[in-house]
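Below is one structure, written out as structure tokens; comments come after it.
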Amino acid sequence: MLKFLKQVGDYTKEAVQAAKYIGQGLSVTFDHMQRRPITVQYPYEKLIPSERFRGRIHFEFDKCISCEVCVRVCPINLPVVDWEFNKETKKKKLNHYSIDFGVCIFCGNCVEYCPTNCLSMTEEYELATYDRHELNYDNVALGRLPYSVTHSDPIVTPIREFAYLPKGVLSGHDLPANARRAGKLPEELLEEMQSAEK
Amino acid sequence: MSAGIDLQASFIDLLRGFGLTPGVAKAVWLPLPMLIIVAAVTVLALVSTWLERKVSAAAQQRIGPEYMGPFGMLVPVADVAKLLFKEDIIPAKTDPLLFSLAPLLVFIPVFLSFLIVPFGQNLVITDLNIGIFLWISLSSIAPIGLLMAGYASNNKYSLLGGLRAAAQSISYEIPLALAVLAVVMMSNSLSTIDIVQQQSGYGILSWNVWRQPVGFIIFWIAALAECERMPFDLPEAEEELVAGYQTEYSAVKFMLFYAGSYANLVLSALLFAVLYLGGWESPVSVSWLASVLNVSETTAWLQVITGSLGIVMTLFKAYLLLFLAILLRWTVPRVRIDQLLDLGWKFLLPIALVNLLLTAGLKLAFPVAFGG
């Protein structure tokens, strides 16, 4: 009898506990309802890519020395470097350069290893096309200025990402224009390093 | 408590004024409330789909539908238009008769049950003296339809979903009926009007929640299970069964299932409000307020206010419960089938029985408070 009563007691305790947990869960869900939606309404609002964002690769034709380092460091030997040897000047002359962004994995090795810094990563990420062959960018397309979320289109409201928000702020919406992000800015770090060296 | 506005009597009087016999006048009246209720229920179900989308979005810190009409309110309309124009596919190797009949068997009982849902003293299609029992018996037709849908689809997911739906509905019907029985015992009537009237008088204090707290919870859990809402949505568990018994359905037939499930949810919420939250009664009794302010209860404008307040109150309570159901959907995880049956048979059923016994005992001991 005592054992049975204990069982009943334990069962009741568990049931009460379960109800308590469901109540807690409900209050969490309810609390979330009062928070501002974090939705970025894409075509009208866009997130500003981070400084380290690896977007479409930019290429400066005149700086290139056709060394083909980019091809060698590329995991799939993607960049196509079309050059010929100019016997008079005894230098390589670059004719065409292209990268197929339908195949590129945006690892950034080419940018890292380019001896003349003619390759660079941009913040452009809207590469969608109707035909995958259009993703094969030639040196003209690679040389175009990248689309910028902050400057290119007046209808677009740029929204800051989580890492670029002031401390304690969770949403990039309704930020004052001069709101500073948490931590030091890269240029400040650089300044500090330089003053420390002196 | 006065009778309030009697629309039927005044309408018939009006028609008799035009020289119609009472019989003809009544025949003209009869289809009106039915049509209004069917239209209203459709709108209520559509509103609840919109609410589901918006509240779900808010719970996940999203915005939800926004561009279709103000606050995306035209989304349900677009849904209906889309489903109406889609091709009605009956897959090969199904049982065409059962396949087509099943959605109707799920849909019609739900809409038929609105026969007994009161929105006011006289704002009900019929005041059946077996009202709430009619609802319980009608709601047990649905599992047959679900089973038919599952079987006729000739699809393993559909069959599993149908079987689960049947098992679930049958298990949770019993605690549901027992919880309702306790309320019925207190109000000495199966009629929904009588059940609400028994809760009137002291405003919020006289509602059944305070007298039936256990039954209140049992009813809510069982009603969620009957509607196949989130913690108990095993019959259509997306991750396991694609869409359960609905898998093979498209177009209008799918719409019938979909509308039926939301109408069922609205129905359960409405009946929940009627059984435990005083139906159309306001938290502060209107007749008491009238007597305090020295206004006669038969004053025309007061009756109009009382009537419309009743409708608003009923819907407000129902939608509050709907909101709770949607919140619960994003709070609790789905139970396993064995946990579901455990909860139904080993927890809710004994507790509902004890609750019933306790109610009976209390009714004998304190006939004043528990409706002697």
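Chain naming here is simple, since letters A, B, ... match the order of the sequence lines and numbering starts at 1 in each.
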Answer with side chain, backbone, both or neither: which region of A:Ala15 has an atom nearer than 4.5 Å to a non-hydrogen atom of chain B?
side chain
Between chain A and chain B, going by a 3.5 Å limit, which atoms form donor-acceptor pairs, if any?
residue, atom, partner, partner atom, Å
A:Thr29, OG1, B:Thr331, OG1, 2.6
A:His32, ND1, B:Gln61, OE1, 2.9
A:Ile38, N, B:Gln61, O, 3.0
A:Thr39, OG1, B:Ile63, N, 3.4
A:Gln41, NE2, B:Glu66, OE1, 2.6

Using only non-hydrogen atoms and a strict under-4.5 angstrom cutoff, which residues of residues 132-140 of chain A touch chain B?
none
Is [X] atom [atom1] crowded by more than 12 heavy atoms from other residues, nucleotides or ligands, each under 6.0 Å away?
X	atom1	value
A:Lys63	NZ	yes
A:Glu112	CD	no
A:Leu5	CG	yes
A:Phe4	CZ	no
A:Phe30	CZ	no
A:Glu68	CD	yes
A:Tyr113	OH	no

